[in-house]
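What you see is a predicted model, and the numbers here were worked out from it, not measured in a lab. Side chains included, hydrogens not; waters and symmetry mates left out as well; all remaining heavy atoms used.
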Amino acid sequence: MPSIESKIVDVARNATFSHPLTRRSFFAAMGAAGITLGAVACGAGGSSTSTAAGGGAGAGKVQEKTLCQVTTLSNDYFVAFSDGGKQAMDALGVSMSSVEDQGNVNTALGQVGNVRASGGKSIFGTPATEAQAAAVTKACQAAGILYASSYTAPAWYTPADADKWVRFITPPSTKIAVATAKALFDKVGGNGTIIHVPGQKGSSSDDQRTAGLNAAAKDYPGIKIVTASPGNWTSEDARKAFTNILPSVPDFVGVFAQNDSQAAGIIAALDAAKITGKIVVGFDGNKQNVEYIAQGKQYLTSATVGGLTAGILGVTIFDQLNGVDLSLPERFLSQGALLVTPEIADDVLKTVYAPTLPFDWAKMSKALHPDDWDPQTVLNPIDPREYYAGVSQDQYTLNSAWNSADITGVRTEYAAAFRSGPLLQYKDQLVA
């Protein structure tokens with residue numbers, strides 16, 4: 001049976017009424033196809049635009065404006081993602097606007113429609129759920145808009161299924177979660193109750209981090225995991241979820257927060273309740289949380305540097321518009337994550353988290369540096385047969401294009417290309 005998002009895109013492509021959609025979904029789908037039918041849902045909560053308009057390192061190249069799509073700018077990770085994207089695009093002389101979709105499929109599709117209607121050619125961002133990821137990817141494909149995304153995508157659905165989906169990047173969430181959970185369990189002596197605060201239902205990274213936590217717990221019989229309500233990737237929701245479960249878990253030793261914004265909310269709740277001595281871990285490497293680690297408030301995070309992820313996606317769009325043709329394995333990548341502990345937190349803050357990110361964005365571009373490009377982090381091509389092992393191919397099946405993909409060759413190329421930048425000193429410690 002076709003999914004809802006495939007029905008929406010079908011309407012967008014064919015302008016028919018063959019599927020029973022809601023009026024709002026229909027208007028959003030029409031917008032995705034570039035048909036303006038009155039007001040279409042736009043980003044709620046605000047948007048922002050970079051000031052670049054030509055010039056920069058990309059002078060003389062195609063410098064088409066682009067859109068950065070995030071869930072909410074009340075989450076530190078998405079703020080960092082948007083800011084990093086702006087820094088990269090400014091360096092290349094590309095104008096970029098940021099919008100919030102609030103994790104709403106219709107809103108996200110309306111934003112695709114706005115790009116199409118205004119003559120835009122590209123979008124990059126972080127879809128909140130697998131449903132949104134598929135819907136936006138398919139809408140961009142139908143509208144002829146280049147799309148680059150991170151973190152969340154349905155299992156077995158890859159850029160081989162949509163040529164306008166030019167790149168997907170994600171940290172290896174399950175692998176990182178296993179390492180994070182084991183570090184937490186070891187820190188508490190292998191015994192005691194851990195409160196788990198999940199992220200957002202329907203998100204690939206949320207599912208994978210939970211899977212990693214549970215996998216690690218199998219080797220620690222003395223650990224008991226108690227799960228709170230979802231924190232929905234935000235500090236406030238996580239604070240509430242954690243506070244609500246506290247009366248039923250009076251004796252616990254640590255907290256496994258599904259991202260750093262949630263960890264910040266949990267730390268605030270611990271401070272308010274004057275509870276000390278609990279070990280808190282998170283994910284994403286938000287600057288505030290790396291500061292917490294340096295101060296002893298948080299024990300560990302996994303830093304992929306959201307601004308770097310956004311910058312890589314933005315540079316990918318720039319390269320595509322300037323004729324760079326990426327192979328299939330180059331379009332489906334795992335980004336290295338650094339496990340930040342108290343021992344290295346101060347150094348990471350000094351070398352990686354400057355207000356202006358210390359990356360050479362132009363050097364990342366194959367269009368600008370065809371012979372000496374440098375990703376400045378570990379980017380490891382994903383083999384979907386390994387990545388989705390054990391996951392049924394019900395909704396999507398693996399595209400046969402992967403049968404001839406040279407994954408090993410691209411892994412070798414990308415490993416050799418990483419030669420500079422602030423993360424080079426941690427190259428052997430990056431999990432990818």
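Between the side chains of Gln102 and Thr107, no donor-acceptor pair is found at a separation under 3.5 Å. In this model, a donor atom of one side chain and an acceptor atom of the other lie less than 3.5 Å apart for Gln298 and Asp260. Looking at Thr210 and Gln258, their side chains do bring a donor and an acceptor atom within 3.5 Å of each other. Ser150 and Thr126 share no donor-acceptor pair across their side chains, judged by distance under 3.5 Å alone.
Counting only residues at least two apart or on different chains, no ring pair (Phe, Tyr, Trp, His ring centres under 6.0 Å) pair has a member in residues 113-135. Residue pairs meeting the salt bridge (Lys or Arg N to Asp or Glu O under 4.0 Å) criterion with at least one member in residues 102-114: none, sequence neighbours excluded. A salt bridge (Lys or Arg N to Asp or Glu O under 4.0 Å) check over residues 389-416, counting only residues at least two apart or in different chains, returns the pairs Lys366-Glu413, Glu386-Arg411. Every pair passing ring pair (Phe, Tyr, Trp, His ring centres under 6.0 Å) that includes a residue from residues 407-432 is listed here, sequence neighbours excluded: Trp373-Tyr414. Applying the salt bridge (Lys or Arg N to Asp or Glu O under 4.0 Å) definition to pairs two or more places apart or across chains, those involving residues 187-214 are Arg209-Asp284.
Partners of Pro329 according to the side-chain contact (heavy atoms from CB on, under 4.5 Å) rule, which considers only residues two or more places apart in sequence or in another chain, are Ser327, Pro381, Ala405, Ile407, Val410. Here Arg385 pairs with Asp383 under the side-chain hydrogen bond (donor to acceptor under 3.5 Å, both in side chains) rule; sequence neighbours left out. In this structure Ala401 satisfies the side-chain contact (heavy atoms from CB on, under 4.5 Å) test together with Ala160, Leu328, Asn399, sequence neighbours excluded. Residues satisfying the side-chain hydrogen bond (donor to acceptor under 3.5 Å, both in side chains) criterion with Gln425, sequence neighbours excluded, are absent altogether. Applying the side-chain contact (heavy atoms from CB on, under 4.5 Å) criterion to Lys363, with sequence neighbours excluded, gives Asp360, His369, Asp372, Asp374, Gln376. Remark: Ala88 pairs with Trp361 by the side-chain contact (heavy atoms from CB on, under 4.5 Å) rule, at least two apart or across chains.
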_Checking Ser82 against Ser98 for the side chain to side chain donor-acceptor pair (under 3.5 Å) test, could you report, in this order, the C-alpha distance in whole Å, the side-chain angles of both residues, the deciding distance, and whether it holds?_
CA-CA 7 Å; Ser82 173; Ser98 293; 2.6 Å; yes
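Paired with Ile194 under the rule side-chain contact (heavy atoms from CB on, under 4.5 Å), one option of Phe252, Phe185, Tyr220 passes, and it is Phe185.
Judged by distance alone, the side chain of Asn75 and the main-chain N or O of Tyr77 form a donor-acceptor pair under 3.5 Å.
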Review item, side-chain donor-acceptor pairs of residues 335-345, under 3.5 Å, at least two apart:
residue: Gln335; atom: OE1; partner: Thr309; partner atom: OG1; Å: 2.7
residue: Gln335; atom: NE2; partner: Thr304; partner atom: O; Å: 2.8
residue: Gln335; atom: NE2; partner: Thr309; partner atom: OG1; Å: 3.3
residue: Thr341; atom: OG1; partner: Glu343; partner atom: OE1; Å: 2.9

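In this structure, Phe283 has its ring center under 6.0 Å from that of Phe256.
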